[in-house]
Amino acid sequence: MSVAAEGTGADAGRTASRFGRPWGPLVASGGPRGATGVTLWAAVALVVLLMLLVIVRLPWDGDLGMHAATVERLRHRLLDPGNPLVHADTPSPYYTPWTVFLGVVARITGLSVWVVLRIAALISLTLLVTGVWRYVRTLSSHRLAPPLGLLCLLFLWGTQVFDWSGFLGLNSLALTVAYPSMFALGTAFHLWALLTRALKGEPAGWVTFLGLGAMWAVILLSHQFTGVVTTLGVLATVVGARAGRRALLRLGAGMLLGAAIIALWPYYDFFALLHAGGLEEIHRSLYQHLFARFGLVLLGVVALAVRARREWRDPLVVFFLLGVVVFAAGGLSGHYSWGRALPAVLIPAQLAAAVEVAGAVRGTLRNVAIWVLAAALGIGTWTQVGTVGYVVGRDALPGAVAAKYRVPWVGYHWITSWVRYGDVVMARTWTARQVPAYGAYTVAPGYPDFFLPDQAKRQAAVETYFGAGRSRTARLGVLRSYGVRWIVQRPAEGGLPSGDRALRRVASGPGGQVLYQVVR
């Protein structure tokens with residue numbers, strides 16, 4: 001549903017709407033012909049160019065190795081890939097509609113997994129930019145609202161860089177653009193836009209709502225946490241649209257179709273994830289340093305208050321309140337994984353700031369709003385300026401920018417001349433998060449795995465091998481039990497000594513790492 005009807009000249013962005021009366025144009029009635037418009041469009045162009053260069057470099061951090069391993073398993077065994085990280089025949093929530101598509105691309109084209117992930121990143125970036133554009137157009141008819149909305153989503157954060165999949169800060173986007181979470185989030189914006197239009201006036205037909213239900217299922221299967229955020233956005237859209245009985249019936253049919261797709265998905269049991277444990281401690285940090293990470297979003301909260309005064313059922317207001325309830329409930333109950341619903345708090349606030357400023361009436365209030373938001377975006381940009389280091393070497397950066405540079409992971413290309421697809425490698429957790437990207441397995445997964453029944457036993461086996469005071473017999477027993485052919489370790493990590501007759505040193509890597517072959 002459009003917040004403002006299409007208008008021309010001085011009436012643009014000020015026509016009455018179901019949600020109240022937007023404040024008017026940011027610049028004179030030529031839209032982007034003003035200096036502000038030129039600046040916004042130039043900023044968006046620079047951001048897109050930067051992201052394209054990032055995709056070429058594909059900096060490695062976090063979970064990229066997991067997603068590379070998933071695509072690699074699907075390339076080799078599309079219908080029955082097994083566990084992506086360890087040699088075990090178990091399902092995995094990483095086998096999603098999106099990664100299965102990428103596995104098919106890898107299988108048909110023969111392209112390396114890294115090229116396929118770059119293709120995935122390019123598609124996801126396109127979905128995100130176009131999705132934000134389409135969704136913001138349902139909130140405002142002003143031409144500058146979409147580019148300003150995109151900039152607010154990327155830079156209206158805080159003074160401390162925060163990186164996590166499913167979150168849209170520029171630095172986070174640069175590191176996760178090839179992840180399924182970014183595909184899911186980009187698709188979510190399209191879903192919200194399509195749903196808004198489907199509910200506007202006379203509701204769309206049954207086929208449209210069934211298609212929306214299928215999209216919802218794909219998002220939930222592709223990234224469960226983003227699926228929760230998407231669902232909250234859907235609820236907010238329905239409340240804001242004041243959908244009638246016919247629309248609700250068709251929407252219900254779409255949701256039933258989506259639920260059926262989820263239930264029938266063959267690669268993992270989605271509903272079993274509702275009982276997954278062991279995720280709370282790693283998500284506790286989502287509730288820390290909130291002001292430093294997200295303080296600039298308070299400008300969006302002010303904008304939401306303005307919108308709420310006009311119409312309490314405003315979709316951004318309802319979306320924000322639903323996100324706050326889920327996030328707060330997680331913190332109060334100790335279910336810290338619920339903190340992954342935080343984008344449902346941030347996204348509506350960031351977009352509200354963009355839409356309200358883009359439609360601010362001329363006068364003192366307008367000027368204040370523009371300068372305050374410009375200053376906040378400037379602070380956010382400077383906070384994340386280190387992102388340019390992913391495409392430009394640190395030595396080429398000015399000193400102040402170089403200080404914000406973060407070195408991506410180096411990876412384990414150096415072991416691929418010896419380690420083959422399907423070989424088992426003994427490694428500590430940090431290494432175990434990267435080695436499977438090249439086709440090898442590790443003894444224990446580098447990430448928690450709800451569907452792996454012997455996960456604790458495997459972790460204990462790794463500790464037995466590397467732990468201090470363990471006998472040579474116990475260490476050799478672990479290597480035999482799991483069919484280990486290779487070991488990656490640093491001298492200080494423990495394990496069998498380098499001169500042991502069961503080992504043959506074959507390669508050296510960064511940071512003093514050594515690749516040993518297990519001699520049988």
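This one's a predicted model, so the numbers in the text were calculated from it and none came from an experiment.
Atom-to-atom distance recorded for S165:OG and L185:CG is 10.5 Å, nearest 0.5 angstrom. To the nearest 0.5 Å, atom CG of residue L168 and atom CZ of residue F162 are 12.0 Å apart. Here the CZ atom belonging to R475 is positioned 10.5 Å from the CE atom belonging to M426, to the nearest 0.5 angstrom. Interatomic distance, CZ of R472 versus CG of L496, reported as 6.5 Å (0.5 Å rounding). For the atom pair L170 CG and L153 CG, the distance stands at 12.0 Å (nearest 0.5 Å). One finds the CG atom of L148 at 11.0 Å from the CH2 atom of W41 (value rounded to the nearest 0.5 Å).
Minimum interatomic distance between L156 and L373 (heavy atoms only, all atoms of both residues): CD1-CD1, 4.1 Å. For the residue pair A444 and A432, the shortest heavy atom distance occurs at O-CB, 3.9 Å. Summarising the geometry of G389 relative to Y405, their closest heavy-atom pair is O-CE1, 3.0 Å, with the distance given to 0.1 Å. When all heavy atoms are compared, the tightest approach of T109 to V105 is OG1-O, 2.6 Å. Listed here is the closest heavy atom pair of L286 and G339: CD1-C, 3.5 Å. Pairing each heavy atom of T176 with each of M182, the nearest pair is OG1-CE, 3.3 Å.
Between P445 and L452 there is a side-chain heavy-atom pair separated by less than 4.5 Å. Side-chain contact between W216 and L220: present, with at least one pair of heavy atoms (C-beta onward) separated by less than 4.5 Å. Between L221 and I262 the shortest side-chain heavy-atom distance falls below 4.5 Å. Annotation: side chain of Y412 is in contact with side chain of Q513 (closest heavy-atom distance under 4.5 Å). Residues L102 and R75 form no side-chain contact, since every pair of their non-hydrogen atoms from C-beta on lies 4.5 Å or further apart. Within the 4.5 Å cutoff, the side chain of Q224 has no heavy atoms near those of the V228 side chain. The side-chain heavy atoms of P436 and T442, taken from C-beta on, include a pair separated by under 4.5 Å. Looking at heavy atoms from C-beta onward, T70 lies out of side-chain contact with L85 at the 4.5 angstrom threshold.
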Check against side-chain contact (heavy atoms from CB on, under 4.5 Å), L58 and W114: CA-CA 8 Å; L58 200 65; W114 306 109; 4.2 Å; yes

Give the C-alpha distance, both sets of side-chain angles, the deciding distance and a yes or no for side-chain contact (heavy atoms from CB on, under 4.5 Å) between L515 and W414. CA-CA 9 Å; L515 174 66; W414 58 276; 3.8 Å; yes

Between H413 and Y438, is the ring-ring contact (aromatic ring centres under 6.0 Å, His included) condition met? List the steps. CA-CA 8 Å; H413 295 279; Y438 305 95; 5.0 Å; yes

Chi angles and distances behind the ring-ring contact (aromatic ring centres under 6.0 Å, His included) call for F319, W192: CA-CA 11 Å; F319 195 0; W192 297 329; 5.1 Å; yes

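Judged by distance alone, the side chain of E280 and the main-chain N or O of S337 form a donor-acceptor pair under 3.5 Å. Using modelled atom types, one side-chain atom of Y287 and one backbone atom of F327 make a donor-acceptor pair closer than 3.5 Å. At distances below 3.5 Å, not a single donor-acceptor pair connects side-chain atoms of T464 with backbone N or O atoms of A474. Judged purely by atom type and a 3.5 angstrom limit, E72 has no side-chain atom pairing as donor or acceptor with the backbone of G103. For H87 (side chain) and V424 (main-chain N/O), no donor-acceptor pair under 3.5 Å exists by modelled atom type. Between the side chain of R490 and the backbone N or O of E493, no donor-acceptor pair lies under 3.5 Å. The backbone N or O of Q517 sits nowhere less than 3.5 Å from a side-chain atom of R504 that would complete a donor-acceptor pair. Proximity of a side-chain donor or acceptor of R293 to a complementary backbone N or O of Q288 within less than 3.5 Å is detected.
In this view, W338 satisfies the side chain to side chain donor-acceptor pair (under 3.5 Å) rule with no residue, not counting sequence neighbours.
S92 and R73 share no side-chain donor-acceptor pair at under 3.5 Å. Looking at T387 and N171, their side chains do bring a donor and an acceptor atom within 3.5 Å of each other. Side-chain polar atoms of T96 and H223 form no donor-acceptor pair below 3.5 angstrom. For the residue pair D449 and N83, a side-chain donor N or O sits within less than 3.5 Å of a side-chain acceptor on the partner.
Ion pairing between a basic and an acidic side chain is recognised when a charged N comes within 4.0 Å of a carboxylate O; D423 and R420 show no such pairing. Salt bridge annotation for R406-D61: present, with a cationic side-chain nitrogen under 4.0 angstrom from a carboxylate oxygen. Between R428 and E463 there is a salt bridge, since at least one side-chain N of the basic residue sits less than 4.0 Å from a carboxylate O of the acidic one.
For an aromatic pair to be called close, the ring centres must be under 6.0 Å apart, and Y268 with Y94 fails this. Taking the six-membered ring where the residue is Trp, the centroids of Y95 and W265 are separated by 6.0 Å or more. In this structure, the ring of H283 has its center no less than 6.0 angstrom from the ring center of Y336.
Ring geometry for F167 versus W157: interplanar angle of 30 to 60°, hence tilted.
For the side chain to side chain contact (heavy atoms under 4.5 Å, CB included) criterion with Y267, the lone passing option out of P81, P91, P97 is P81.
More than 12 heavy atoms of other shown residues, nucleotides or ligands fall within 6.0 angstrom of atom OH in Y447.
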